[in-house]
Each structure stands twice: as structure tokens, then as C-alpha cells.
Amino acid sequence: ATNSAKASVLGVALNDAGSGQPVAVAYTKDDAINLGDLLTPGEFYFLGSTPGSLAPLSDVDAGEIASQVGYGNADGHLVLNIANTGVAVA
């Protein structure tokens, strides 16, 4: 997203929650989440350009707000470490 309001991360949905169904959300710092895909250990992940996606900073488009979601741990899981920077990628 190119504005801070749309780029703010509050947590990560843990299920796809169909219409009228509840959604579970992880939002506590240091929660480790198995997303099914192995993440690169030590790599930090940000809100991606595609809604609902995560991306390493190198894949975030210029002009997009860099909203950090977390990092990959040794098991390839996402460890939440949310930081809404409000700063656009150059």
C-alpha cells in the first residue's frame, strides 16, 4: 500500500474464515506461526504488494510503505515482530 492507513499491520490471520465465519488472528510479538511455506531463517518479511501477502524487503515495490510483519526462525516459521514504519521504500 502507498499510504500508512492501508499499510498498517495489526496481526496475521491464521485461517481464511469464509463468509460469516470467525477468523483467528495472531498479534502477539514473538508468536511463531507455521504458514506452511518454509521462510528463510533470519530474513525479515513485510506486507507484500499483493493483498494478504508477505515479502522480503527486496520484493516490496518502490513507493510502497515498508510494514514489517516478522522474520523467519530456524524452523522456517514466521515470528511476529510487527513494525508499522510509515516509510516508503525508495
Side-chain angles (χ1 to χ4, degrees):
T2 55
N3 70 57
S4 294
K6 289 184 177 181
S8 291
V9 175
L10 300 176
V12 174
L14 301 176
N15 60 322
D16 59 5
S19 180
Q21 299 298 310
V23 62
V25 178
Y27 54 87
T28 305
K29 185 176 181 347
D30 296 329
D31 277 351
I33 304 166
N34 182 352
L35 298 176
D37 294 325
L38 291 178
L39 302 178
T40 303
E43 179 85 61
F44 280 82
Y45 290 88
F46 294 78
L47 185 64
S49 299
T50 303
S53 70
L54 298 176
L57 185 58
S58 60
D59 290 347
V60 177
D61 294 337
E64 298 283 324
I65 302 294
S67 297
Q68 179 180 296
V69 179
Y71 60 90
N73 69 8
D75 296 324
H77 299 159
L78 177 70
V79 177
L80 286 184
N81 191 357
I82 296 170
N84 292 302
T85 69
V87 177
V89 174

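Reckoned from all heavy atoms, side chains included, excluding hydrogens, waters and symmetry mates. Given the structure is predicted, the values throughout are model-derived calculations rather than measurements.
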For the student: nearest non-hydrogen atoms of Leu39 and Gly72, plus distance = CB-CA, 4.1 Å
Can you measure from CG (Asn34) to CG (Leu38) and round to the nearest 0.5 angstrom?
-> 7.5 Å
4.5 Å side-chain heavy-atom contact, Leu80 and Val69 = yes
Nearest atoms (heavy-atom pairs only) where Asn81 meets Lys29 = OD1-NZ, 3.6 Å
side-chain contact (heavy atoms from CB on, under 4.5 Å) between Ile33 and His77: does it pass, once the steps are laid out?
-> CA-CA 5 Å; Ile33 304 166; His77 299 159; 5.9 Å; no
Which heavy atom in Gly48 sits nearest to a heavy atom in Ala55, and how many Å separate them?
-> CA-CB, 4.1 Å
For Gly63 and Ala88 the tightest heavy-atom approach is O-CB, 3.8 Å
Are any non-hydrogen side-chain atoms of Leu54 and Leu47 less than 4.5 angstrom apart?
-> no
Apart from Val79 itself, what residues make up its hydrophobic cluster when side-chain heavy atoms of I, L, V, M, F, W and Y under 4.5 Å apart count as a link, directly or indirectly?
-> Phe44, Phe46, Leu57, Val60, Tyr71, Val89
In the hydrophobic clustering (ILVMFWY, side-chain contacts below 4.5 Å, transitive), which residues join Val87, or is it alone?
-> none
Asn73 (side chain) donor-acceptor with Asp75 (main chain) under 3.5 angstrom = yes
Distance-only check: which donor-acceptor pairs under 3.5 Å involve side-chain atoms of residues 7-22, not counting sequence neighbours?
residue: Ser8; atom: OG; partner: Ser4; partner atom: O; Å: 2.9
residue: Asn15; atom: OD1; partner: Ala24; partner atom: N; Å: 2.8
residue: Asn15; atom: ND2; partner: Pro22; partner atom: O; Å: 3.3

